[in-house]
Protein chains: 2
Amino acid sequence: MSETRAWRTVLEHIESRLIEGALHPGDRLPGERALSAELGVGRSSVREALRVLEVLGLIRTQAGSGPNAGAIIIATPGGGMSALMRLQVAASGFPVADIVRTRLILESAVAGELAERLGREASEPIDLGAADRLLDAMDSPALSAAEFLALDAEFHLALAEASGNQVITATMAGLRSGIEGYALEGLAHLDDWRATSQRLRGEHRGIVAAIRAADASSARARTHDHISGYYAETSIHHH
Amino acid sequence: MSETRAWRTVLEHIESRLIEGALHPGDRLPGERALSAELGVGRSSVREALRVLEVLGLIRTQAGSGPNAGAIIIATPGGGMSALMRLQVAASGFPVADIVRTRLILESAVAGELAERLGREASEPIDLGAADRLLDAMDSPALSAAEFLALDAEFHLALAEASGNQVITATMAGLRSGIEGYALEGLAHLDDWRATSQRLRGEHRGIVAAIRAADASSARARTHDHISGYYAETSIHHH
DNA sequence: CGACCAGTGTGGTCTGACCACACGTGCTAG
DNA sequence: CTAGCACGTGTGGTCAGACCACACTGGTCG
């Protein structure tokens with residue numbers, strides 16, 4: 001079975017080893033050639049996976065070892081692989097429907113909680129400044145479709161950050177590339193994406209307004225409709 | 001220059017282009033072969049750099065393009081390096097409160113959706129077998145606290161898997177170590193963790209029963225109470 | 001005019017081949 | 001016998017070439 005994304009198999013293999021505690025800091029991985037043979041992928045793919053792990057700080061490579069040991073050293077402990085890393089790695093591989101459904105759940109909850117917190121306690125100040133700035137930036141008529149979507153993704157991320165929930169923020173940041181992927185693909189197939197972006201802008205402001213008005217149920221509903229509506233509209237044109 | 005780390009030169013090249021604003025979201029990078037020739041490195045090194053950028057969410061690759069366009073799409077704007085910084089920050093663990101709040105949101109939604117799907121359509125069979133088996137396994141009186149909590153974590157994960165949502169499953173799997181961490185710490189401080197585990201078992205069965213009864217609101221509420229209740233009980237003993 | 005079908009170029013992968021370096025071994029010089 | 005050094009071996013780092021599946025293009029044929 002020719003798996004596209006062969007390097008993912010390597011990544012998942014090492015990742016599972018890490019999670020199940022089979023690898024401890026200081027341990028050495030099998031050599032690149034050994035991993036290649038063991039997993040049935042080319043050394044190129046192994047190297048791409050190792051490069052990712054190295055940039056993520058989970059691994060350290062050192063050249064020219066003796067014949068006794070392998071070649072690579074694990075730098076972080078087994079429980080260290082954060083959710084964000086795993087998501088980031090797998091993001092582009094998730095089914096679009098699952099990404100959308102998760103966004104619906106998480107973002108609706110975030111919007112509702114922001115509204116509730118803003119209405120309940122004035123002690124904890126909620127900073128919607130970043131969201132406001134992105135809202136204004138999206139009004140620029142000179143934006144390309146891709147640039148608009150990048151700002152759109154940042155806007156949704158800004159709301160998550162405003163909630164202060166690091167897990168949700170990290171999750172959405174991890175999903176971002178996957179989100180922008182299907183969003184861009186969908187928008188490109190629309191006849192006039194400017195009309196759609198106009199509607200999206202309005203919905204964005206509606207969400208923020210509902211949050212500011214401390215109307216939790218409205219914030220939840222608007223967020224839900226915003227995401228599901230866009231997804232429904234663009235997926236029509238996918239075929 | 002240093003001939004080792006050729007892929008870094010590619011990374012730095014694209015990175016600087018990103019920072020100086022020469023690349024906007026939606027732009028396409030030259031093809032891998034073109035980059036290879038332009039920078040004087042092999043295509044392997046170019047691919048390793050692109051893989052890193054992809055995992056960092058700065059780039060998206062798509063196969064098989066026509067001759068008009070390049071090959072890769074920039075996904076993030078000039079603030080590019082923030083993605084890497086976010087990664088590093090998140091590598092260290094999340095606040096327990098954030099993990100719990102996210103669990104409340106995600107697992108309640110999962111339980112509700114399972115109940116709805118089970119009631120609505122019999123076409124898509126929902127497999128609760130894994131959850132049932134874990135439920136039975138948790139009844140064993142010979143379990144240690146740690147073993148019980150491991151089964152508990154697997155049970156909650158099994159529900160997510162039953163929903164079929166890969167994103168949620170991956171997220172919860174990523175949070176698992178953090179979950180078991182605070183759970184074990186909390187349970188260890190209880191005088192008689194067996195009494196607590198007895199209650200948890202009952203709540204588990206109540207959740208599954210609600211799902212089987214296609215009672216979505218009950219499934220949601222029971223899940224919410226189960227998680228928040230446990231967290232509230234154990235956090236009392238944290239100080 | 002529309003449907004179809006080769007041509008072309010892309011990313012994705014594998015293989016084989018070098019290089020520089022680190023290590024172990026074992027020989028040699030003292 | 002010991003200290004020192006040269007050599008062989010295996011590693012990661014890199015490159016070049018080849019193939020595949022796919023997407024897009026542009027022409028041809030109905």
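Sequence lines set the chain letters: A, B, ... in the order given, protein chains first and strands last, and positions in each chain run from 1.
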[N] [atom2] sits how many Å from [X] [atom1], rounded?
{"X": "B:L35", "N": "C:dT10", "atom1": "CG", "atom2": "P", "answer": "11 Å"}
{"X": "B:R5", "N": "D:dG12", "atom1": "CZ", "atom2": "C1'", "answer": "9 Å"}
{"X": "A:E48", "N": "D:dC15", "atom1": "CD", "atom2": "P", "answer": "14 Å"}
{"X": "A:R60", "N": "D:dG13", "atom1": "CZ", "atom2": "P", "answer": "12 Å"}
{"X": "B:E32", "N": "D:dT14", "atom1": "CD", "atom2": "P", "answer": "16 Å"}

Check whether more than 12 heavy atoms from other residues, nucleotides or ligands sit under 6.0 Å from atom CZ of A:R205, and answer yes or no.
yes
Any residue meeting side chain to side chain contact (heavy atoms under 4.5 Å, CB included) with A:R103, in chain and number order, not counting sequence neighbours
A:I99, A:E107, A:H156, A:I179, A:Y182, A:I227
Counting side-chain heavy atoms from CB outward, which of D:dT14, D:dG13, D:dC15 is closest to B:W7?
D:dT14
Nearest to the A:S44 side chain among D:dG12, C:dC14, C:dG12, which nucleotide is it?
C:dC14
With a 4.0 Å cut-off on heavy atoms, is A:R51 in touch with a base, just the backbone sugar-phosphate, or nothing at all?
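Answer is sugar-phosphate: A:R51 comes under 4.0 Å of backbone atoms only.
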Report which part of the nucleic acid A:S45 touches: base, sugar-phosphate, or nothing (heavy-atom distance under 4.0 Å, all strands).
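Sugar-phosphate contact only.
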So which one's nearest nucleotide on DNA chain D is more toward 5', B:R43 or B:V46?
B:V46
Of A:R33 and B:G40, whose nearest nucleotide on DNA chain D comes first from the 5' end?
A:R33
So for A:R8 and C:dG12, does any side-chain atom that can act as donor or acceptor lie under 3.5 Å from a complementary atom in the base?
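Result: no qualifying N/O pair found.
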Taking only N and O in the side chain of B:T61, is any of them less than 4.0 Å away from OP1 or OP2 of C:dG12?
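Affirmative; the distance criterion is met.
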Is the distance from OP1 or OP2 of D:dG13 to the nearest side-chain N or O of A:R47 less than 4.0 Å?
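Affirmative; the distance criterion is met.
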For B:S163 and B:A160, indicate whether the former's side chain and the latter's backbone hold a donor-acceptor pair under 3.5 Å.
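At least one qualifying donor-acceptor pair exists.
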Rounded to the nearest 0.5 angstrom, the OG1-CG distance for A:T171 and B:L106 is 7.5 Å
Measuring only between side-chain heavy atoms, which start at C-beta, is A:L134 closer than 4.5 Å to A:D152?
no
